[in-house]
There are 2 protein chains.
Amino acid sequence: MGSKERRERERSEQRQRILDAALQIITKEGFAALSMRKLAEKIEYSPASIYLYFRNREQLAQELSEVGFNDLLLMLSAAAGLPRAIDALHAMGAAYVKYGIGNPAMYRLIFMGDSEFIDAAFGNQSKDSAGVRAYGVLLDVARRLQSDGVMKNVPLIELAELIWTALHGIVSLRIGCSRMKLTPPERLARLATETIASVTGD
Amino acid sequence: MGSKERRERERSEQRQRILDAALQIITKEGFAALSMRKLAEKIEYSPASIYLYFRNREQLAQELSEVGFNDLLLMLSAAAGLPRAIDALHAMGAAYVKYGIGNPAMYRLIFMGDSEFIDAAFGNQSKDSAGVRAYGVLLDVARRLQSDGVMKNVPLIELAELIWTALHGIVSLRIGCSRMKLTPPERLARLATETIASVTGD
DNA sequence: GTCTATAGGCTGATAGAC
DNA sequence: GTCTATCAGCCTATAGAC
């Protein structure tokens with residue numbers, strides 16, 4: 001009986017269509033502009049039908065943020081793969097900033113949200129979420145830096161957060177203050193990672 | 001004829017009453033929750049009457065953000081007054097974080113807003129706005145650091161932005177991800193400013 | 001100056017017909 | 001599964017009475 005499988009496939013295709021349209025909307029107009037009505041119109045559906053695939057707007061946003069975390073994870077993992085820890089740090093910084101500046105609406109949704117998607121990505125959820133794994137990539141780079149003598153007198157967690165907040169600051173200031181003239185973010189990211197890497201030992 | 005002056009005084013008192021109530025609302029519930037209706041209810045007024053004092057919600061928010069910038073400026077100025085540049089840096093970092101963590105809704109409004117209050121505070125507006133002056137305090141500390149040999153091979157502006165984005169990252173990550181367990185922000189700020197201060201010369 | 005009343009929107013979500 | 005119609009609420013802003 002293939003008809004049951006066909007129905008399930010069609011159902012998941014439809015879910016994906018909805019997610020794609022939602023992603024388009026928040027990319028172009030931001031998360032605040034994502035309404036069920038607008039979304040329905042985009043996929044030529046009635047608003048009511050979306051509720052057959054997603055419990056509510058919150059769940060939709062939740063799943064969108066998972067897509068974002070996955071994209072970020074992919075970019076960070078690739079960068080962190082470099083053999084020398086210091087190269088991995090610079091590449092990770094560049095990748096983080098590139099992701100944030102290239103996907104401001106998604107970055108906002110994930111890291112600057114009024115809602116609590118990060119908590120969902122980290123806390124109560126599956127231990128293997130993209131968010132947790134991305135944080136793992138950061139921790140790993142920090143650990144390798146310390147074994148190369150960089151900031152080895154500081155707790156690992158604090159070094160990791162120092163790196164993260166430095167990069168997050170560069171991205172989020174730019175997103176929040178979009179019309180201000182600032183130093184190019186790639187340049188600032190490089191400066192930040194070089195500053196951190198230059199602190200050797202105690 | 002004191003009656004004209006009395007009317008003007010009463011008018012500005014009423015304006016202040018509205019601003020105070022608005023500040024209370026955004027402090028407790030965030031800027032998104034600030035509506036003209038809710039504001040009117042709080043001061044026991046009709047919604048329509050608020051429009052006699054403020055052109056629209058945007059102008060109200062604009063003036064609120066100026067209050068915030070002024071508070072921040074006061075804290076930063078005091079900190080930056082320390083005689084040794086490095087002490088000024090640490091104190092400024094502590095003050096910035098204290099302001100941001102202590103006033104998350106206002107910090108959000110000013111630096112993480114969807115609207116463009118920072119542009120108003122810096123760009124087209126008066127050259128003597130609190131925002132411009134706060135940035136001036138930061139620039140001054142950066143200049144003094146460089147004349148003490150800290151990061152003197154980097155353009156002044158970039159050092160200033162490095163400091164700013166580091167502190168902003170600490171504050172805004174905490175505000176955006178409120179339920180995550182992170183290192184205390186004062187500790188991270190100290191780590192960040194010490195890291196920067198430790199980079200001497202070329 | 002302050003009010004009531006209202007125009008003209010928007011929103012998330014659901015009941016019930018088909 | 002999908003629709004129409006609708007509930008119940010929110011919002012900014014304004015016109016016009018007092």
Side-chain angles (χ1 to χ4, degrees), chain A residues 1-23 25-26 28-65 105 109 113-117, chain B residues 1-22 24-26 28-65 105 109 113-117:
Chain A
M1 277 304 152
S3 76
K4 186 182 174 187
E5 285 138 29
R6 195 205 61 228
R7 262 177 303 153
E8 279 182 9
R9 194 187 59 234
E10 281 172 359
R11 183 175 169 80
S12 93
E13 280 172 1
Q14 187 69 336
R15 264 183 76 90
Q16 195 54 53
R17 226 170 293 144
I18 295 172
L19 278 174
D20 288 345
L23 186 57
I25 291 173
I26 75 159
K28 262 191 273 190
E29 310 174 60
F31 177 64
L34 176 66
S35 74
M36 301 307 246
R37 284 170 139 81
K38 192 181 286 189
L39 181 53
E41 202 174 350
K42 193 166 188 85
I43 58 174
E44 292 176 301
Y45 238 52
S46 79
S49 297
I50 298 176
Y51 289 91
L52 299 172
Y53 295 91
F54 297 91
R55 207 174 313 117
N56 51 32
R57 185 174 180 267
E58 193 72 9
Q59 197 204 345
L60 192 60
Q62 173 63 48
E63 297 207 18
L64 274 177
S65 82
L109 176 64
D114 308 282
S115 319
E116 260 90 70
F117 299 114
Chain B
M1 277 299 154
S3 78
K4 187 181 173 186
E5 285 137 28
R6 195 206 60 224
R7 261 176 304 151
E8 279 181 11
R9 192 187 60 233
E10 281 171 358
R11 183 175 170 78
S12 94
E13 280 172 1
Q14 187 70 332
R15 266 183 75 91
Q16 195 55 53
R17 226 170 292 145
I18 295 171
L19 278 174
D20 288 345
Q24 271 189 279
I25 291 174
I26 75 158
K28 263 192 270 188
E29 310 175 61
F31 177 64
L34 176 66
S35 74
M36 301 306 246
R37 283 168 140 79
K38 191 180 289 191
L39 181 53
E41 202 174 349
K42 192 167 188 86
I43 57 176
E44 294 176 300
Y45 238 51
S46 79
S49 298
I50 298 176
Y51 289 91
L52 298 172
Y53 296 91
F54 297 92
R55 207 174 314 115
N56 51 31
R57 185 174 179 266
E58 193 72 9
Q59 197 206 342
L60 192 60
Q62 173 63 48
E63 297 206 17
L64 273 177
S65 82
L109 176 65
D114 308 283
S115 319
E116 260 89 70
F117 299 114

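Only a predicted model underlies this, so the values are computations on that prediction, with no experimental measurement involved. Only this structure's heavy atoms are used, side chains among them; waters, hydrogens and symmetry mates stay out. Note on naming: letters A, B, ... go to the chains in the order of the sequence lines (proteins, then strands), and numbering restarts at 1 for each one.
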Could you tell me whether Glu5(B) and Arg9(B) make a salt bridge, using a distance below 4.0 angstrom between a side-chain N and a carboxylate O? no
Decide yes or no for Ile18(A) and Leu60(A): does some side-chain heavy atom of the first lie under 4.5 Å from some side-chain heavy atom of the second? yes
Can you sort out the partners of Lys42(A) under salt bridge (charged side-chain N to carboxylate O under 4.0 Å, His left out), two or more places apart, ordered by chain and number? none
Is there a side-chain contact between Gln59(A) and Glu63(A) in this structure, where contact means two heavy atoms from C-beta onward sitting under 4.5 Å apart? yes
Mind calculating the distance between CZ (Arg55(B)) and C1' (dT14(D)) to the nearest angstrom? 16 Å
If you compare all heavy atoms of Leu64(B) against all heavy atoms of Ala22(B), which two are closest, and at what distance to 0.1 Å? CD1-CB, 3.9 Å
Going through the checks in order, is the side chain to side chain contact (heavy atoms under 4.5 Å, CB included) test met by Arg7(A) and Lys4(A)? CA-CA 5 Å; Arg7(A) 262 177 303 153; Lys4(A) 186 182 174 187; 3.8 Å; yes
Determine whether a donor-acceptor pair (N or O, by modelled atom type, separation under 3.5 Å) exists between the side chain of Asp20(A) and the backbone of Leu23(A). no
Distances under 3.5 Å only, N/O to N/O: pair up the protein atoms with those of nucleotides 4-11 of chain D.
{"residue": "dC11(D)", "atom": "OP1", "partner": "Ser35(B)", "partner atom": "OG", "Å": "2.8"}

Within the structure shown, what part of the strands sits under 4.0 Å from Phe54(B) by heavy-atom distance: base, sugar-phosphate, or nothing? nothing
Looking only at non-hydrogen atoms, find the nearest pair between Leu34(A) and Arg57(A) and report the distance. O-NE, 2.8 Å
Walk along DNA chain C from 5' to 3' and tell me the first and last nucleotide with an atom closer than 4.0 Å to a non-hydrogen atom of chain B. dG1(C) to dT4(C)
